[in-house]
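This report concerns only the one structure given below.
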Amino acid sequence: MNKIHATATEALDGLLFDGMQIAAGGFGLCGIPELLIDALVESGVKDLSIASNNAGVDGFGLGKLLETRQVKKMLSSYVGENAEFMRQYLAGELELEFNPQGTLAERMRSGGCGIPGFYTKTGVGTVIAEGKEEKEFDGQTYILERGIVADLAIVKAWKADDTGNAVFRKTARNFNPVAAMCGKVCVMEVEEIVPSGSLDPDSIHLPGIYVHRLIQGTHEKRIEQRTTRKQEEA
Amino acid sequence: MNKIHATATEALDGLLFDGMQIAAGGFGLCGIPELLIDALVESGVKDLSIASNNAGVDGFGLGKLLETRQVKKMLSSYVGENAEFMRQYLAGELELEFNPQGTLAERMRSGGCGIPGFYTKTGVGTVIAEGKEEKEFDGQTYILERGIVADLAIVKAWKADDTGNAVFRKTARNFNPVAAMCGKVCVMEVEEIVPSGSLDPDSIHLPGIYVHRLIQGTHEKRIEQRTTRKQEEA
Amino acid sequence: MPWNREQMAARAADELQDGTYVNLGIGIPTLVANYTGDKDITLQSENGMLGMGPFPFEGEEDPDLINAGKQTITEVDRTSYFDSATSFGMIRGGKIAAAVLGAMEVAENGDLANWMIPGKLVKGMGGAMDLVAGVGRVIVVMDHQNKKGESKLLKSCTLPLTGKGVVDRIITNLGVLDVVAGGLAIVELAEGVTEQELRDATEAAIV
Amino acid sequence: MPWNREQMAARAADELQDGTYVNLGIGIPTLVANYTGDKDITLQSENGMLGMGPFPFEGEEDPDLINAGKQTITEVDRTSYFDSATSFGMIRGGKIAAAVLGAMEVAENGDLANWMIPGKLVKGMGGAMDLVAGVGRVIVVMDHQNKKGESKLLKSCTLPLTGKGVVDRIITNLGVLDVVAGGLAIVELAEGVTEQELRDATEAAIV
């Protein structure tokens with residue numbers, strides 16, 4: 001079971017096609033698959049439909065794929081902080097499907113767990129409910145949301161063993177496990193690959209069964225909003 | 001935020017009423033809330049409806065509540081290994097609703113996550129589908145299963161900090177996290193309560209938000225099927 | 001004198017119950033954390049964390065540790081991390097006792113609009129729709145009127161909704177109001193604000 | 001000579017692909033693990049574990065470490081543990097490449113019955129319905145005929161179903177058959193078994 005590849009480009013070999021749907025992990029710029037995004041830019045694959053909570057910033061993260069016009073549609077909950085995104089969207093060059101953040105996360109998990117649809121009260125009575133089936137349970141109205149199954153998942157973890165068992169660090173976990181689950185194929189980048197047996201079996205966040213290909217690399221990990229307090233405030 | 005109680009009986013104080021629904025963690029006799037089951041027996045609460053993957057064995061685990069006739073209905077996937085259960089069931093003294101194991105687990109998680117219903121292909125075309133709504137997604141048939149919200153969840157973890165952040169050990173995790181999630185109130189028993197700050201925040205299996213009351217105690221941890229190999233086989 | 005931002009935040013903090021888990025939105029709601037006093041409150045950050053601490057000291061920022069506003073933060077001794085599906089599972093499942101958030105408009109039936117102004121830049125609802133649909137109690141903190149002096153407490157919202165009939169209590173610079181059958185009920189007036197002043201500043205029906 | 005239990009298990013092991021995750025049922029399927037040779041197979045135990053090892057040495061049994069048959073087991077170097085919802089999420093989501101399981105009846109359309117005999121003791125389906133509905137490939141291992149000499153490969157099942165049209169391949173003591181359009185197709189005969197012998201022992205249509 002050799003899941004380890006030398007580079008992001010090699011790890012994506014044979015998996016890409018124009019018009020494909022990709023699920024990407026990360027929240028803002030935290031825990032995003034930087035190396036795989038760069039490899040997607042390099043590949044030139046186009047007309048991508050990307051399910052990702054955010055769309056990166058200008059020039060970093062998924063923003064890079066927007067600049068090269070490789071993205072046809074975004075499925076996100078929040079796309080501020082990205083002028084190029086807004087320009088393309090307002091010019092009608094980019095489709096955008098807003099999903100409430102929790103609905104997006106649950107749609108990914110559901111797709112990965114063989115659940116094609118689930119009911120939620122999130123968005124009932126709002127534009128989010130338009131065109132969706134409504135159903136009453138115990139006198140309350142819910143809407144039907146669909147599971148997402150993506151052609152490819154690109155995710156980033158902190159460490160993984162050589163069988164793909166992965167651990168995330170702090171809030172960089174976010175959408176990564178559920179994005180991994182919903183991919184027909186999942187490629188993961190990590191900061192460190194360790195031998196199997198080095199991770200505590202009780203503390204693995206994402207079992208290797210969800211990870212098909214694995215690369216190790218160096219990450220910029222850019223901070224979007226650097227907020228601090230002064231030492232004397234302590 | 002004082003969640004710690006001295007005894008199982010004290011931890012259940014004010015939470016019990018006849019005819020209530022209880023979700024219980026554990027698989028077979030592994031990871032079952034032994035102390036809380038004993039306290040339920042002692043309390044005399046009756047006409048219980050219990051969602052639990054199994055029904056214990058004669059004289060241990062949920063089997064104790066069956067002997068005292070406190071159970072009106074079981075919602076389980078597998079109830080072998082329990083002669084008293086079978087006797088009561090065949091005599092019509094006990095209701096039984098079979099749920100496929102994965103459906104039961106997902107029903108508990110869903111109920112805890114505000115999802116009143118989800119679609120699954122498990123059980124399509126079998127007796128499990130009888131009376132349930134069917135729906136097609138992408139040409140395949142699925143059935144609608146309901147989320148479970150229980151009046152009380154009784155679960156067992158390995159360790160918890162004083163705010164209820166809990167970790168489980170090996171396969172004793174099983175249904176415990178999802179049972180905890182689906183309880184309106186959740187009482188947890190652990191082998192050891194540790195000060196907050198002692199558990200790795202990245203390795204907590206069940207955040208304390210799901211745990212309302214907490215007790216520490218000694219567990220028998222009976223083994224149901226002791227299987228071994230001889231040293232020379234190694 | 002109407003309340004200022006800090007006073008509104010302090011008043012909102014009074015709403016939070018000891019021993020609960022709460023979610024604070026961006027803006028004035030963020031300030032609420034400074035006024036919880038002796039109460040044992042655990043803050044959720046919906047990107048996957050319970051037990052949110054203050055901003056880090058300079059030089060100690062961790063790119064792997066941010067809040068839902070993408071700001072660098074710290075952890076506390078009870079912190080736990082989890083994935084986004086679990087995070088919104090606890091929100092949707094009603095495990096979060098209260099959310100405190102800002103608003104553009106609130107209607108007398110509890111409708112809330114705080115994510116979108118048609119024709120303007122649309123950034124998205126983020127986790128706001130999940131929060132208002134799921135948490136135990138939705139507390140809105142906002143100015144009573146907009147910059148043009150128009151009431152933000154309306155008979156019905158004009159902007160696209162974040163949630164329908166979801167608001168429980170509104171704390172403005174003029175006072176505190178509850179959403180009840182038939183309209184809004186005055187709970188409290190800011191010091192020096194008269195009931196008439198509040199009524200005059202309110203389009204919504206006050207019962 | 002028809003295959004014995006060990007030979008059926010060995011033949012079933014041939015079905016498993018290198019580098020995959022599989023679930024083995026109770027009985028003959030459990031024996032399959034002894035015949036996977038050099039292939040890198042990771043075993044799932046649906047009570048919440050990937051990477052199932054052999055039984056423990058005497059004295060090293062751990063009550064917190066059991067398989068889906070409630071037997072004490074051990075972990076291996078790649079083991080991970082998870083809760084039951086996650087476990088069946090990977091089953092239902094098709095992440096488990098194959099399940100090998102026993103059966104009471106298989107019909108020519110792939111229907112499977114292996115959990116209940118009406119009028120007899122009903123123990124429950126456990127995880128069997130989830131497995132047959134979810135995994136990539138369902139491989140049944142069973143005797144071709146029951147103790148009365150009646151075919152267990154039927155035109156249609158008489159017992160309550162575990163799953164409808166779910167079986168991909170059947171390995172019996174007489175040979176290997178696939179579920180195809182119109183019935184079952186013979187893939188292989190056990191050494192010394194003739195096609196006629198297998199046909200004579202089979203009620204299901206063979207195409």
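Letters A, B, ... are given to chains in the order of the sequence lines, protein chains preceding strands, and every chain is numbered from 1. Values reported hereafter were calculated over all heavy atoms of this structure, with side chains retained and with hydrogens, waters and symmetry mates removed.
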Checking B:Lys230 against D:Phe57: charged group under 6.0 Å from the ring centre and within 45 degrees of the axis? no

Among D:Gly48, D:Ala128, D:Gly127, which residue has the highest count of heavy-atom pairs closer than 4.5 Å to chain B? D:Gly127

Most heavy-atom pairs under 4.5 Å with chain D, out of B:Ala55, B:Gly125, B:Ser76, belong to B:Gly125

Relative to chain B, which segment of D:Thr86 carries a heavy atom at a distance below 4.5 Å: side chain, backbone, both, or neither? neither

D:Asp64 (side chain) donor-acceptor with B:Arg169 (main chain) under 3.5 angstrom: no

Atom pair CG (D:Leu112) and OG1 (B:Thr126), whose distance is rounded to the nearest 0.5 Å: 11.0 Å

Short question: side chain of D:Arg92, backbone of B:Gly102 - any donor-acceptor pair under 3.5 Å? yes

Run the side chain to side chain contact (heavy atoms under 4.5 Å, CB included) test on D:Met129 and B:Ile128 for me, step by step, so that the C-alpha distance in whole Å, both residues' side-chain angles and the decisive distance to 0.1 Å come before the verdict. CA-CA 9 Å; D:Met129 284 192 182; B:Ile128 290 301; 3.5 Å; yes

Interatomic spacing from OG in D:Ser45 to CZ in B:Phe27 - rounded to 0.5 Å: 7.0 Å

Check for a donor-acceptor pair, side chain of B:Arg173 on one end and backbone N or O of D:Tyr81 on the other, with a separation under 3.5 Å. yes

Mind ranking B:Leu206, B:Asn176, B:Asn54 by heavy-atom pairs under 4.5 Å with chain D and telling me who comes out on top? B:Asn54

Give a yes or no on whether the backbone of D:Asp83 and the side-chain of B:Asn174 come within a donor-acceptor separation of less than 3.5 Å. no

At a 4.5 Å cut-off on heavy atoms, which part of B:Leu90 comes close to chain D: side chain, backbone, both, or neither? side chain

Check whether B:Arg226 gets within reach of chain D through its side chain, its backbone, both or neither, counting any heavy atom under 4.5 Å. both

Could you check whether any side-chain heavy atom of D:Phe88 comes within less than 4.5 Å of a side-chain heavy atom of B:Thr120, counting everything from C-beta outward? no

Side-chain contact test, heavy atoms from C-beta onward, threshold under 4.5 Å: evaluate it for D:Met125 versus B:Phe98 and give yes or no. yes

In terms of heavy-atom pairs under 4.5 Å with chain B, which of D:Lys164, D:Gln71, D:Met116 leads? D:Gln71

I'd like to know which of B:Gly25, B:Gly123, B:Gly31, B:Pro100 tops the heavy-atom pair count under 4.5 Å against chain D. B:Pro100

Least distance between heavy atoms, B:Gln225 atom then D:Lys70 atom: CB-O, 3.2 Å

Contact between D:Asp62 and B:Lys170 at the side-chain level, heavy atoms closer than 4.5 Å - yes or no? yes

Quick check on the interface: out of B:Arg109, B:Arg107, B:Glu106, who has the most heavy-atom pairs with chain D under 4.5 Å? B:Glu106

Are more than 12 heavy atoms, taken from residues, nucleotides or ligands other than B:Lys72, located less than 6.0 Å from that residue's NZ atom? no

Is there a donor-acceptor contact under 3.5 Å from the side chain of B:Arg229 to the main chain of D:Phe55? yes

Against chain B, label D:Asn67 side chain, backbone, both or neither, depending on which of its atoms sit under 4.5 Å from a heavy atom there. backbone

Which atoms of D:Val122 are under 4.5 Å from chain B, going by heavy atoms: the side chain, the backbone, both sets, or neither? both

To the nearest 0.5 Å, atom OG1 of B:Thr171 lies from atom CE of D:Met52 at 10.5 Å

Side chain, backbone, both or neither of B:Val79 within contact of chain D (heavy atoms, under 4.5 Å): both

Atom OG of B:Ser77 and atom NZ of D:Lys123: how far apart are they, to the nearest 0.5 Å? 13.0 Å

Heavy-atom distances under 4.5 Å only: say whether D:Leu65 touches chain B with side chain, backbone, both or neither. both

Would one find more than 12 heavy atoms of other residues, nucleotides or ligands at under 6.0 Å from atom CD of D:Gln17? no

Contacting moiety of B:Asn99, where chain D heavy atoms sit under 4.5 Å: backbone

For chain D, find which of B:Leu29, B:Thr103, B:Leu96 contributes the most heavy-atom pairs closer than 4.5 angstrom. B:Thr103

Donor-acceptor contact below 3.5 Å, side chain B:Thr122 vs main chain D:Ala133: no

For the student: nearest non-hydrogen atoms of B:Phe175 and D:Ser84, plus distance: CD1-OG, 3.1 Å

If every non-hydrogen atom of D:Pro63 is compared with every non-hydrogen atom of B:Cys30, which pair is closest and at what distance? O-SG, 3.4 Å

Is D:Glu61 close to B:Thr228 at the side-chain level, that is, under 4.5 Å between some pair of heavy atoms? yes

Looking at D:Thr72 and B:Thr227, would you say the former's side chain and the latter's main chain have a donor-acceptor pair under 3.5 Å? yes

